[in-house]
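Notes follow the structure.
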Amino acid sequence: MDLDMPHLDGLETTRRIRSLPGHAKTPRIIAVTANHSDKMRVICSAIGMDEFLGKPIIIEDLQGVLEGRRSPTAERRETLLRLRLEELEDIGDTAFVGELISIFRTETTQRLQQVGEALQKNDLAAAGRLFHQLQGSSANMGASEMHRVCTIGEEAAREGDALLVKGCQRLAEEEIPLVEAIYTEWGHRELL
Amino acid sequence: MKVLIVDDDLISQLVLKRTLEQSGHEVILTRSGTEALKAFQDDAISVVISDWRMPEMDGVELCQTIRSVRKMNYTYFILVSSTRLTPEKYAHAVGMGVDDFLLKPLNRDEVPVRLLVAERIINSPPRSSALRRCCRSACTAKRSATTAITGSRSRAISARRPARTSPTASAPIATRRSWSPISGR
């Protein structure tokens with residue numbers, strides 16, 4: 001679905017489709033836009049779109065999305081994460097990275113939960129502060145996508161966009177298991 | 001060097017601390033601007049590395065406060081941010097006395113190199129020549145002033161002249177340098 005359309009744009013259409021009974025997940029919606037900024041990607045995802053393609057459409061990317069192949073960006077993100085862990089190991093040692101991972105696990109879950117609580121109280125300033133802290137820690141831990149989502153979440157909190165803050169919280173939560181998988185794999189790598 | 005770290009995020013603190021310790025620096029950890037100011041007054045700190053966005057007092061406010069404290073030696077201030085600063089914010093930070101900027105995630109190779117720059121600036125030769133200049137003008141002023149008390153009125157005017165041409169000549173070096181670390185280079 002194109003995003004930029006007259007009268008009813010792609011975001012609003014998606015929002016309405018997703019609010020229909022039984023359509024929270026289906027159909028899969030692929031956003032197509034000339035504005036392929038990170039912010040737009042996160043907004044699309046927060047509102048309920050499943051995939052994101054920039055214009056001009058590259059046939060191979062479209063095929064990849066339709067076949068449910070993992071996007072090259074996702075793979076690149078994982079590589080960056082692994083590289084960051086190696087870098088952190090160079091700064092300290094294996095135990096140091098283990099300590100950081102354990103702090104990051106606890107803090108991230110806790111902070112995202114607090115974002116939820118802040119949203120319930122309509123306290124966007126508190127949500128923004130939490131996103132800011134998450135932004136710092138996720139950047140340091142190589143969780144680049146979480147870092148991006150939190151950056152946009154902080155910005156949205158500042159702009160008073162509660163809906164986008166909520167979307168960012170959900171996306172950040174969805175990011176946890178992906179990051180977690182790499183951390184676990186890294187923890188076991190010596191044993192392999 | 002003795003480095004003061006100011007960050008409300010534990011992970012950022014730990015990563016930076018390890019990086020600095022690895023290159024032989026002594027590190028003091030603080031979690032807020034208030035804590036940092038306390039540590040700053042108690043200790044001989046050469047470099048402050050502070051996060052930009054923190055609750056209560058942000059990094060730029062902290063820098064401004066630190067600049068208002070008179071210290072014998074120059075304190076090099078590095079501001080850390082998670083996102084790129086806008087040109088306005090960047091200019092504001094520099095105006096408030098920030099010397100250098102770092103972006104998270106902090107790079108293991110970059111941080112020690114930036115500290116080499118800090119070290120060079122803190123120990124830079126212009127500082128000692130500024131010191132000599134300052135001593136010289138202070139001595140001249142003192143000599144002229146002594147003459148002025150015992151001598152004629154015309155001599156008394158010449159005694160005031162150095163103070164007029166250089167209003168900051170008698171100000172402590174730290175105060176003058178703190179305004180513009182760049183011009184001293």
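Chain identifiers are assigned alphabetically (A, B, ...) following the order of the sequence lines, protein sequences preceding nucleic acid strands; residue numbering begins at 1 within each chain.
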Chain B contact residues among residues 51-65 of chain A, heavy-atom distance under 4.5 Å
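Those residues of residues 51-65 of chain A which would need a heavy atom under 4.5 Å from chain B do not exist here.
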Among residues 25-39 of chain B, which residues come closer than 4.5 Å to chain A, judged by heavy atom distances?
none
By number, which residues in residues 13-22 of chain B have some heavy atom less than 4.5 Å away from chain A?
Leu14(B), Val15(B), Arg18(B), Thr19(B), Gln22(B)
Contact class of [X] relative to chain B, heavy atoms under 4.5 angstrom:
{"X": "Leu100(A)", "answer": "both"}
{"X": "Arg148(A)", "answer": "neither"}
{"X": "Thr151(A)", "answer": "side chain"}

Nearest-0.5 Å distance that lies between atom OG1 in Thr14(A) and atom CE in Met49(A)
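Answer for the OG1-CE pair, Thr14(A) versus Met49(A), is 3.0 Å.
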Quick one: pull up NE2 in His36(A) and SG in Cys44(A) and give me the separation to the nearest 0.5 Å.
12.0 Å
Check the pair Arg77(A) / Leu80(A) against side-chain contact (heavy atoms from CB on, under 4.5 Å), numbers first and verdict last.
CA-CA 5 Å; Arg77(A) 284 204 292 268; Leu80(A) 282 174; 5.5 Å; no
Are there over 12 heavy-atom neighbours, none belonging to Leu103(B), within less than 6.0 Å of that residue's CG?
yes
Just wondering, are more than 12 heavy atoms of other shown residues or ligands nearer than 6.0 Å to CZ in Arg69(A)?
yes
[X] with [Y]: basic N within carboxylate O range, under 4.0 Å:
{"X": "Arg108(B)", "Y": "Glu86(A)", "answer": "no"}
{"X": "Lys121(A)", "Y": "Glu117(A)", "answer": "no"}
{"X": "Glu87(A)", "Y": "Arg84(A)", "answer": "yes"}

Taking Glu78(A) for the side chain and Glu75(A) for the main chain, is one N or O donor matched with an acceptor at less than 3.5 Å?
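A pair under 3.5 Å: no.
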Between Asp100(B), Val60(B), Leu4(B), Leu62(B), which is the residue that forms a side-chain contact (heavy atoms from CB on, under 4.5 Å) with Phe77(B)?
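Answer after filtering Asp100(B), Val60(B), Leu4(B), Leu62(B): Leu62(B).
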Between Ile101(A) and Leu134(A), is there a shared hydrophobic cluster once you connect ILVMFWY residues whose side-chain heavy atoms come closer than 4.5 Å?
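As far as the 4.5 Å side-chain criterion goes, Leu134(A) and Ile101(A) are connected within one cluster.
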Close side-chain approach of Ile29(A) to Arg18(A), heavy-atom, < 4.5 Å
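A side-chain contact exists here, since the closest heavy-atom pair is under 4.5 Å.
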Quick one, Val179(A) with Met141(A), criterion side-chain contact (heavy atoms from CB on, under 4.5 Å). Give me CA distance, side-chain angles, the key distance, then yes/no.
CA-CA 10 Å; Val179(A) 175; Met141(A) 293 304 290; over 6 Å; no
Side chain, backbone, both or neither: which part of Asp7(B) has an atom under 4.5 Å from a heavy atom of chain A?
neither
As an exercise: rank Gln133(A), Arg129(A), His147(A) by heavy-atom pairs under 4.5 Å with chain B and give me the winner.
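Most heavy-atom pairs within the cutoff with chain B belong to Gln133(A).
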Would you list the pairs meeting ring-ring contact (aromatic ring centres under 6.0 Å, His included) in which at least one residue belongs to residues 90-124 of chain B, sequence neighbours left out?
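Checked against ring-ring contact (aromatic ring centres under 6.0 Å, His included) - neighbours excluded - the pairs reaching residues 90-124 of chain B are Tyr90(B)-Phe101(B).
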Between Ser37(A) and Asn35(A), do the side chains contain a donor N or O and an acceptor N or O under 3.5 Å apart?
yes
